[in-house]
Undergrad: 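Following this message is one structure expressed as structure tokens.
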Amino acid sequence: MALQQQLNELAEQQSEISVTLSFNTHRTHPDSAQDTIVLKNLVSEAKESVLQHFEKREAQPVLDKLDELANFIDVRYNLDSLHVFISGETLSIVRSPWPVEKNGVTVGERFAIAPLLKMANRNFEYYVLVLSQHGAQVFDVVEDKVVNEVKNDEFPFDNPLFIPEAVRRSDARTVDNHVREYFNHVDKGAVKLYNETGTPFLVISLEENYTTLQHVADKKQIYIGHSAIDYNSLSPHDLAKQAWSKVAEIQHQERAHAIERLMAGVSQGRVLTDLQEIYRAALDGNGELLIVHQDFQQAATKVGERDIELIEKQDGSPVDYDIVSAIAWNVRSKNGRVVFTQQNQLKNLGDIALLTRY
């Protein structure tokens with residue numbers, strides 16, 4: 001399942017007992033052997049917290065999943081952190097190429113999805129569309145590694161409209177019409193895939209082909225950028241390395257522009273830095289742009305429907321609230337933008353700031 005799909009499903013779930021485990025892991029042996037010990041300790045902590053606040057009979061489905069969790073995690077495939085989401089109905093495991101600030105357990109009515117929001121914000125998962133006038137391929141990529149080639153009704157696609165005969169190719173109008181029709185077909189396949197997964201595309205092609213694709217595109221925003229094709233480096237490995245270099249550059253620029261935009265809102269009185277005010281604005285759909293420092297975490301207790309009380313230490317209480325996850329999801333789900341950053345320009349305002357719509 002694509003990250004965007006997992007994020008959407010986990011964010012919408014609400015259960016009386018929702019347990020989230022997040023901890024740093026290791027990619028290689030023998031260091032990865034430590035991950036089993038860390039997992040065991042976090043499971044014990046989670047069970048203790050659940051039993052402290054719920055009757056054992058009521059919590060049994062969650063406790064059973066916690067007891068069985070180690071059977072579903074093979075440390076040989078770990079990346080830099082691992083996130084587990086458990087309720088009576090759910091067991092979801094997500095590996096991440098990004099470390100967390102500290103290992104921890106959260107028990108609440110909703111899952112602590114901030115790590116997934118950070119992953120989605122970095123667009124670490126994206127599609128590479130390799131486009132030529134001969135055909136199109138799509139690869140599902142994580143960072144600089146190809147997960148798999150997309151093979152469905154639309155891709156890979158060999159251009160049936162390609163005109164190889166030199167005489168016919170000399171007819172510029174015919175060629176132009178056929179090229180546009182072909183790229184329109186590719187775009188419709190890309191839009192369908194984007195609508196299913198929410199995952200954007202980085203296009204590798206000749207500049208002129210990318211320009212034509214943009215002209216016929218139904219949703220230009222699904223294409224986050226372009227990189228020039230090198231016909232001598234078309235292996236999946238080479239394509240992913242090339243694409244990730246471009247994606248990382250685009251992301252850095254976008255985060256810098258987002259911070260500039262937020263700073264411009266300060267003089268307009270549209271920037272909030274108080275967590276209580278930010279929380280209420282997010283609930284009301286008044287969040288246009290939320291920027292959070294990458295390492296910022298804050299536990300809170302909900303007081304009624306619209307207020308929170310910050311707590312110094314997350315103790316596993318069922319009313320503990322991962323306030324960053326709650327705020328970020330409310331902004332994102334109401335068509336606002338969320339940016340997690342390590343860039344220090346934000347520090348002038350604190351660890352979290354919200355640009356309001358009005």
Side-chain angles (χ1 to χ4, degrees), residues 1-25 35-36 38-75 77-98 100 103-121 124-125 142 147 196-199 297 299-302 314-330 332-333 338:
M1 183 186 298
L3 173 63
Q4 295 286 354
Q5 290 174 289
Q6 284 183 299
L7 174 57
N8 292 341
E9 291 184 7
L10 291 170
E12 294 298 333
Q13 291 183 34
Q14 184 170 1
S15 177
E16 190 171 3
I17 310 175
S18 297
V19 178
T20 306
L21 312 181
S22 291
F23 60 102
N24 290 315
T25 53
D35 301 343
T36 302
V38 173
L39 175 62
K40 181 179 178 180
N41 292 337
L42 289 176
V43 166
S44 296
E45 181 182 339
K47 290 171 64 178
E48 181 180 346
S49 178
V50 169
L51 289 172
Q52 184 178 354
H53 301 286
F54 297 94
E55 295 293 332
K56 184 175 181 180
R57 182 176 179 180
E58 178 186 8
Q60 198 61 56
V62 171
L63 297 174
D64 289 344
K65 285 187 174 69
L66 286 167
D67 284 334
E68 298 166 3
L69 181 58
N71 298 328
F72 296 96
I73 296 176
D74 189 335
V75 297
Y77 300 104
N78 282 350
L79 299 177
D80 294 314
S81 66
L82 191 142
H83 311 274
V84 181
F85 305 90
I86 293 177
S87 69
E89 302 77 31
T90 300
L91 171 55
S92 184
I93 299 169
V94 180
R95 290 178 169 83
S96 169
W98 314 108
V100 294
N103 301 340
V105 174
T106 302
V107 179
E109 294 180 351
R110 292 186 181 273
F111 294 122
I113 59 169
L116 301 195
L117 286 165
K118 293 175 185 178
M119 291 163 63
N121 172 255
F124 95 102
E125 183 177 16
V142 174
V147 177
E196 292 172 353
T197 66
T199 304
Q297 293 179 319
T301 299
K302 287 185 68 176
Q314 187 172 326
D315 62 4
S317 163
V319 295
D320 281 1
Y321 208 47
D322 174 29
I323 195 61
V324 174
S325 293
I327 291 171
W329 180 250
N330 271 284
R332 180 187 173 99
S333 64
V338 179

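Side chains are part of it too, since the values below use all heavy atoms of this structure and drop only hydrogens, waters and symmetry mates. Throughout, numbering of the chain's residues begins at 1 and tracks the sequence.
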Undergrad: List the residues meeting side chain to side chain donor-acceptor pair (under 3.5 Å) with Asn78, not counting sequence neighbours, and say none if there are none.
TA: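 If we apply the side chain to side chain donor-acceptor pair (under 3.5 Å) test to Asn78, skipping adjacent residues, the hits are Asp35, Arg95.
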Undergrad: What is the distance from atom CZ of Phe111 to atom OG1 of Thr106, rounded to the nearest 0.5 Å?
TA: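 The OG1 atom of Thr106 is 11.5 Å from CZ of Phe111, to the nearest 0.5 Å.
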Undergrad: Any idea which heavy atoms bring Leu79 and Ser96 closest together, and the distance?
TA: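 The pair with the smallest heavy-atom distance is CB-O, 3.1 Å.
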Undergrad: When Leu117 is tested against each of Leu7, Val324, Val338 for side chain to side chain contact (heavy atoms under 4.5 Å, CB included), which residue passes?
TA: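 With Leu117 as partner, Leu7, Val324, Val338 yield a single side chain to side chain contact (heavy atoms under 4.5 Å, CB included), made by Leu7.
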Undergrad: Looking only at heavy atoms, which two atoms of Ala46 and Val19 are closest? And how far apart?
TA: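 Heavy atoms of Ala46 and Val19 come nearest at CB-CG1, 4.0 Å.
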Undergrad: The criterion is side chain to side chain contact (heavy atoms under 4.5 Å, CB included); which residues satisfy it with Glu12, sequence neighbours excluded?
TA: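 Partners of Glu12 by the side chain to side chain contact (heavy atoms under 4.5 Å, CB included) criterion, ordered by chain and then number, come out as Trp329.
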Undergrad: Could you check if a side-chain atom of Phe85 sits within less than 4.5 angstrom of a side-chain atom of Thr20, using non-hydrogen atoms only?
TA: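 The answer is yes; the side chains approach within 4.5 Å.
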Undergrad: Restricting to salt bridge (charged side-chain N to carboxylate O under 4.0 Å, His left out), what partner residues turn up for Lys65, sequence neighbours left out?
TA: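 If we apply the salt bridge (charged side-chain N to carboxylate O under 4.0 Å, His left out) test to Lys65, skipping adjacent residues, there are no hits.
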Undergrad: To the nearest 0.5 Å, what is the distance between CD on Glu58 and CD on Glu16?
TA: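 These two atoms lie 4.5 Å from each other.
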Undergrad: What pairs with Val100 under side chain to side chain contact (heavy atoms under 4.5 Å, CB included), at least two apart in sequence or on another chain?
TA: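 Here the qualifying residues are Asn24, Ser81, His83, Asn103.
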Undergrad: Would you tabulate the side-chain donor-acceptor contacts of residues 66-74 under 3.5 Å, counting partners in other chains and residues two or more places apart, or write 'none'?
TA:
residue, atom, partner, partner atom, Å
Asp67, OD1, Lys47, NZ, 2.7
Asp74, OD1, Arg76, N, 3.0
Asp74, OD1, Arg76, NE, 3.0
Asp74, OD2, Arg76, NE, 3.1
Asp74, OD2, Arg76, NH2, 2.6

Undergrad: Say you draw a straight line from CD of Gln60 to CG of Leu51; how long is it, rounded to the nearest 0.5 Å?
TA: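 Between Gln60 CD and Leu51 CG, I get 8.5 Å after rounding to 0.5 Å.
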Undergrad: Can you check side-chain contact (heavy atoms from CB on, under 4.5 Å) on Leu39 and Leu21, steps first, answer last?
TA: CA-CA 9 Å; Leu39 175 62; Leu21 312 181; 4.3 Å; yes
Undergrad: Just jot down the salt bridge (charged side-chain N to carboxylate O under 4.0 Å, His left out) partners of Asp64, sequence neighbours excluded, or say none.
TA: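 Once residues adjacent in sequence are excluded, Asp64 has no partner under the salt bridge (charged side-chain N to carboxylate O under 4.0 Å, His left out) criterion.
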Undergrad: Does Ser15 have any side chain to side chain contact (heavy atoms under 4.5 Å, CB included) partners at least two apart in sequence or in another chain, and if so, which?
TA: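 Ser18, Ser87, Glu89.
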Undergrad: Sequence neighbours excluded, which residues qualify as side chain to side chain donor-acceptor pair (under 3.5 Å) partners of Asn8?
TA: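 Asn8: no side chain to side chain donor-acceptor pair (under 3.5 Å) contacts found.
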Undergrad: Run the side chain to side chain donor-acceptor pair (under 3.5 Å) test against Gln13 and tell me which residues pass, sequence neighbours left out.
TA: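 Thr90.
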Undergrad: Are any of the side-chain heavy atoms of Ile93 and Leu82 separated by less than 4.5 Å?
TA: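 Sidechains of Leu82 and Ile93: in contact.
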Undergrad: For Glu48, enumerate each residue passing the side chain to side chain donor-acceptor pair (under 3.5 Å) test, keeping only those at least two apart in sequence or located in another chain.
TA: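 Glu48: no side chain to side chain donor-acceptor pair (under 3.5 Å) contacts found.
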Undergrad: Suppose we screen for side chain to side chain contact (heavy atoms under 4.5 Å, CB included). Which residues come up paired with Ala59, at least two apart in sequence or across chains?
TA: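 Ala59: side chain to side chain contact (heavy atoms under 4.5 Å, CB included) contacts with Ile17, Val50, Phe54, Leu63.
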